[in-house]
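Each remark here refers to the structure printed beneath this line.
Throughout, a chain's letter reflects where its sequence line sits, starting with A, and its residues are numbered from 1.
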Protein chains: 2
Amino acid sequence: MKPITLKQIAETLGISITTVSKALKDYPDVSKKTKALVKDLAQTLNYKPNSFAVNLRTKESKTIGLIVPEIVHHFFSSVIKGIISQAEKKGYLVITLQSNESYDLERKQIELLLNKRVDGILISLANQTADYNHLNAVMSNNTPLVMFDKIAKLVKCSKVLINDREAAYKATQHLIDTGCKKIAHFRGPLLPQNSIDRFLGYKKALIDNGITYDSSLVYILKDMSYEEGRFYAKKLVDEHEGVDGIFINTDLVAIGAITEFNSLKIKVPEDISVIGFSNWFMSSVISPSLTTINQPGFEIGKKAFKLLYKEINSKKNDKIINFKEVILDTQLVLRESTKS
Amino acid sequence: MKPITLKQIAETLGISITTVSKALKDYPDVSKKTKALVKDLAQTLNYKPNSFAVNLRTKESKTIGLIVPEIVHHFFSSVIKGIISQAEKKGYLVITLQSNESYDLERKQIELLLNKRVDGILISLANQTADYNHLNAVMSNNTPLVMFDKIAKLVKCSKVLINDREAAYKATQHLIDTGCKKIAHFRGPLLPQNSIDRFLGYKKALIDNGITYDSSLVYILKDMSYEEGRFYAKKLVDEHEGVDGIFINTDLVAIGAITEFNSLKIKVPEDISVIGFSNWFMSSVISPSLTTINQPGFEIGKKAFKLLYKEINSKKNDKIINFKEVILDTQLVLRESTKS
DNA sequence: GTTGTTTTCGAAAACGTTTTCGGTAAGAAT
DNA sequence: ATTCTTACCGAAAACGTTTTCGAAAACAAC
């Protein structure tokens, strides 16, 4: 009934626990004969080392923590999948938590993970997060930390990113190239870096093309929902005339906007071109389908784990770890919501 | 640098480790004075018990395992969110794995989790799974197991379900009530129970309403993708005339079908009514919006964890555990893809 | 002053593993 | 026969906690 232990194997074989342990781990100072004996018995008894004991002894759990702002979200679930798949390959398991975009929760969960003594932590920050003590606590706790997507520039650790500014520039440039003159922008909350960068890319593209930047054409959204997309689309056409293009921070909001334009009989892209961000799966399905920027969630997840894995190993071997900042490529995905 | 231990507190206070441990856990046989002393020092030193040691000693990890067929999926990510949120309330962390709809992976991952000695396992089966030895292994390992959504009827354990047959009946009945006479069905693979049940509900509704069941109107899909939805929608109209209603196993496929109908200039719902299953978020966004069955993923997740939690506690107190089968309600969500 | 009771404490075992270090035996070399 | 290797094995400490059980101290009762 009770799980098999080294002790039991040792006793039935009439040898010491030490030798059993070493035999199973192929230590050179165990004879081939006893190794075979031990391994055979372990096999037939279906012996599995007690991970609790191994953890205690080796001080590592082969487990990492992951915090995302929201699980039910195409981009983040893709990232999660990327992380879990890569972690599994290296023998690591992943404990997932979600911050619900709340700073307080994020802090608590970091603490939870540290108390669990995970071998490393991956995190994408909550929008609310402006204070980085909890992140620095991770670092000073000597636990490897890698941030992705929503990062804090000021925290010294490895990061996996896309070039939001460049991508936004690319998107806006496309609108301009296809003839748009008066281009609005629906941006995310003020804090998160990628919301800022996308805005800056938008602004720079305008200026580089000799279009004067008009701050009243930039709307700051809060929860980035479908409903908000509809709401601000209506607000935009109420407050402005002749807007012929719009770059929207995220696909979901863009889909909301398109839906609203449809119901207002404003034609996309004839009257107004719309470009989103993320390449959410649904953006190819709606009508008109959404031109967008592809943000490779799965690859971001994989890369983030790979970085973390390296740092965990460097730490084990007492090597110094130098933080990396990996920038992944984005692609402009042309569809029907912009002119060609 | 190194984490604080009971030993250090004991030494600086000149008392025994035993007393420190007891003081922190409010044992009655420690004086108020020493309790205060210990707690104060623990506080200032920011002592956190070493979870590895606690695990080893108490033989529990306050961690559960979760296996889903696919993470990037609206329904499953909702379930995951429900599980994680509920688990956190009870002080449990969740290790998530995905089987990728593969039986072999599922087996390996069960083994991984058992070797990790999680306190319990939640699982939704892969479509391929037809053999239940790995699940029975969990039970005979005395690890609490709760299945949800895609379950195996033959495995004796607690389950969280919806009444798929009834829901499918409800959906089909709605098509009939709104005037459909020749109703097709896109079903999932042969094995999973809910795919079977939805088919049976569809069939029964037909028969109860005096419509003769025609097996050529039932299409068996494999990966339940958007593309498959489009493909079979085309196939359906190629092979049959006068089909005026279709009940589709899942929203994503239904959206594919609607898209195909749109592009074939077949009007939904005038020419053909479409009803999906799951109430995926996007189903309200496409045009025409999709009538569907609401499947409460978040609640399923919450309930599944609650059941597991009970079983874990029953096991701790050596109580007998009697397996429960919880059936959650579904709702017909009326939208534009069916007539009114 | 003895007995009995209550309060407070700590030694020690246990959980199951890993790893260091020393020791024995067998064989090789002289 | 003695020394030196080499091959093999095991005792024991360590990881940090929890819990049992006995003992000491303090106090009350007679």
Side-chain angles (χ1 to χ4, degrees), chain A residues 1-39 41-42 45-63 91 114-117 119 141-142 316-317, chain B residues 1-39 41-42 45-63 114-119 141-142 316-317:
Chain A
M1 197 73 261
K2 294 260 162 198
I4 312 296
T5 66
L6 291 182
K7 196 177 171 187
Q8 295 174 44
I9 296 182
E11 278 170 1
T12 59
L13 248 45
I15 58 179
S16 77
I17 295 176
T18 307
T19 306
V20 176
S21 174
K22 287 197 218 171
L24 289 174
K25 313 194 91 200
D26 268 328
Y27 271 55
D29 63 343
V30 176
S31 71
K32 289 208 194 302
K33 205 189 298 176
T34 40
K35 265 185 194 170
L37 236 56
V38 169
K39 284 181 178 173
L41 186 58
L45 292 182
N46 193 27
Y47 166 78
K48 304 290 173 190
N50 181 318
S51 67
F52 297 159
V54 177
N55 290 348
L56 177 59
R57 187 51 230 238
T58 63
K59 294 178 186 308
E60 58 173 12
S61 59
K62 293 280 183 184
T63 303
L114 289 183
N115 291 347
K116 259 278 159 179
R117 285 174 158 72
D119 296 343
N141 189 32
N142 212 18
K316 268 203 284 193
N317 306 330
Chain B
M1 200 71 263
K2 294 261 162 199
I4 312 296
T5 65
L6 290 181
K7 194 176 173 186
Q8 295 175 45
I9 297 182
E11 278 170 359
T12 59
L13 248 44
I15 58 179
S16 78
I17 295 176
T18 307
T19 307
V20 176
S21 173
K22 288 196 213 171
L24 290 173
K25 313 195 89 199
D26 267 329
Y27 270 55
D29 63 343
V30 177
S31 70
K32 289 207 194 305
K33 207 190 294 177
T34 39
K35 264 184 195 171
L37 237 56
V38 169
K39 284 181 177 174
L41 187 58
L45 292 182
N46 194 27
Y47 165 78
K48 303 289 175 191
N50 180 317
S51 67
F52 298 159
V54 176
N55 289 348
L56 178 59
R57 186 51 229 237
T58 63
K59 298 180 183 304
E60 57 172 14
S61 58
K62 293 279 182 185
T63 303
L114 289 182
N115 291 347
K116 258 279 158 178
R117 285 175 158 73
V118 291
D119 297 344
N141 190 31
N142 212 17
K316 268 202 284 193
N317 305 330

By a strict heavy-atom criterion of less than 4.0 Å, which residues belonging to residues 26-38 of chain B are in contact with DNA chain C? B/Asp29, B/Val30, B/Ser31, B/Thr34

At 4.0 Å (heavy atoms only), tell me whether A/Lys22 reaches a base, stays on the sugar-phosphate, or touches nothing. base

Steps toward side chain to side chain contact (heavy atoms under 4.5 Å, CB included) verdict (B/Thr19, B/Val38): CA-CA 9 Å; B/Thr19 307; B/Val38 169; 5.6 Å; no

Any side-chain N or O of A/Lys7 below 4.0 angstrom from OP1/OP2 of C/dC15? no

Judged by nearest nucleotide, the residue sitting upstream toward the 5' end of DNA chain C, B/Lys59 or B/Thr19, is B/Thr19

Start with the C-alpha distance between A/Gln8 and A/Leu45, add both sets of side-chain angles, then the distance that settles side chain to side chain contact (heavy atoms under 4.5 Å, CB included), and finish with yes or no. CA-CA 10 Å; A/Gln8 295 174 44; A/Leu45 292 182; 5.7 Å; no

Phosphate oxygens OP1/OP2 of D/dG16: is one of them under 4.0 Å from a side-chain N or O of B/Tyr47? no

Are side-chain heavy atoms of A/Lys39 and A/Leu24 found at a separation under 4.5 Å? yes

Can a donor-acceptor pair be found, under 3.5 Å and without considering hydrogens, that links the side chain of A/Lys59 to the backbone of B/Phe52? no

Integer-rounded Å distance: D/dC9 C1' and A/Leu13 CG: 13 Å

Between atom CD1 in A/Ile15 and atom P in C/dG23, what is the gap in whole Å? 22 Å

Just the rounded figure in Å: distance from C1' of C/dC9 to CG of B/Leu6. 16 Å

Using a 4.0 Å heavy-atom cut-off, does A/Ser21 contact any base of the nucleic acid, only the sugar-phosphate backbone, or nothing at all? base

Within this structure, what is the CD1-to-P distance between B/Ile17 and D/dT17, rounded to whole angstrom? 8 Å

Euclidean distance, atom CG of residue B/Leu56 to atom C1' of D/dT19 [Å, nearest integer]: 14 Å

Rounding to an integer number of Å, can you tell me how far A/Asn115 CG sits from D/dT17 C1'? 15 Å

With the side chain of A/Thr18 defined as its heavy atoms from C-beta on, choose the nearest nucleotide among C/dT19, C/dG10, D/dC15. C/dT19

Please tell me which of the listed nucleotides, C/dG10, C/dG16, D/dG16, lies nearest to the side chain of A/Asn50? C/dG16

Closest approach of A/Ser61 to A/Arg117 (non-hydrogen atoms, all atoms of both residues): OG-O, 3.4 Å

Atom pair distance, as rounded to whole Å: NZ in B/Lys62 and P in D/dT17: 17 Å

Please check the phosphate of C/dG16 (OP1 and OP2 only) for any side-chain N or O of A/Thr5 closer than 4.0 Å. no

A/Thr58 side chain to A/Val54 backbone, donor-acceptor under 3.5 Å: yes

Residue met sooner reading DNA chain C from 5', once B/Ser16 and A/Pro3 are mapped to nucleotides: B/Ser16

Per atom distances to the A/Ala53 side chain, the nearest of D/dG10, C/dG10, C/dT17 is C/dT17

Quickly work out the A/Lys25 NZ to C/dG16 C1' distance and round it to whole Å. 13 Å

Taking atom types as modelled, is there a side-chain donor on A/Lys62 or A/Ser51 under 3.5 Å from an acceptor on the other? no

More than 12 heavy atoms of other residues, nucleotides or ligands under 6.0 Å from NZ of A/Lys7: yes or no? no

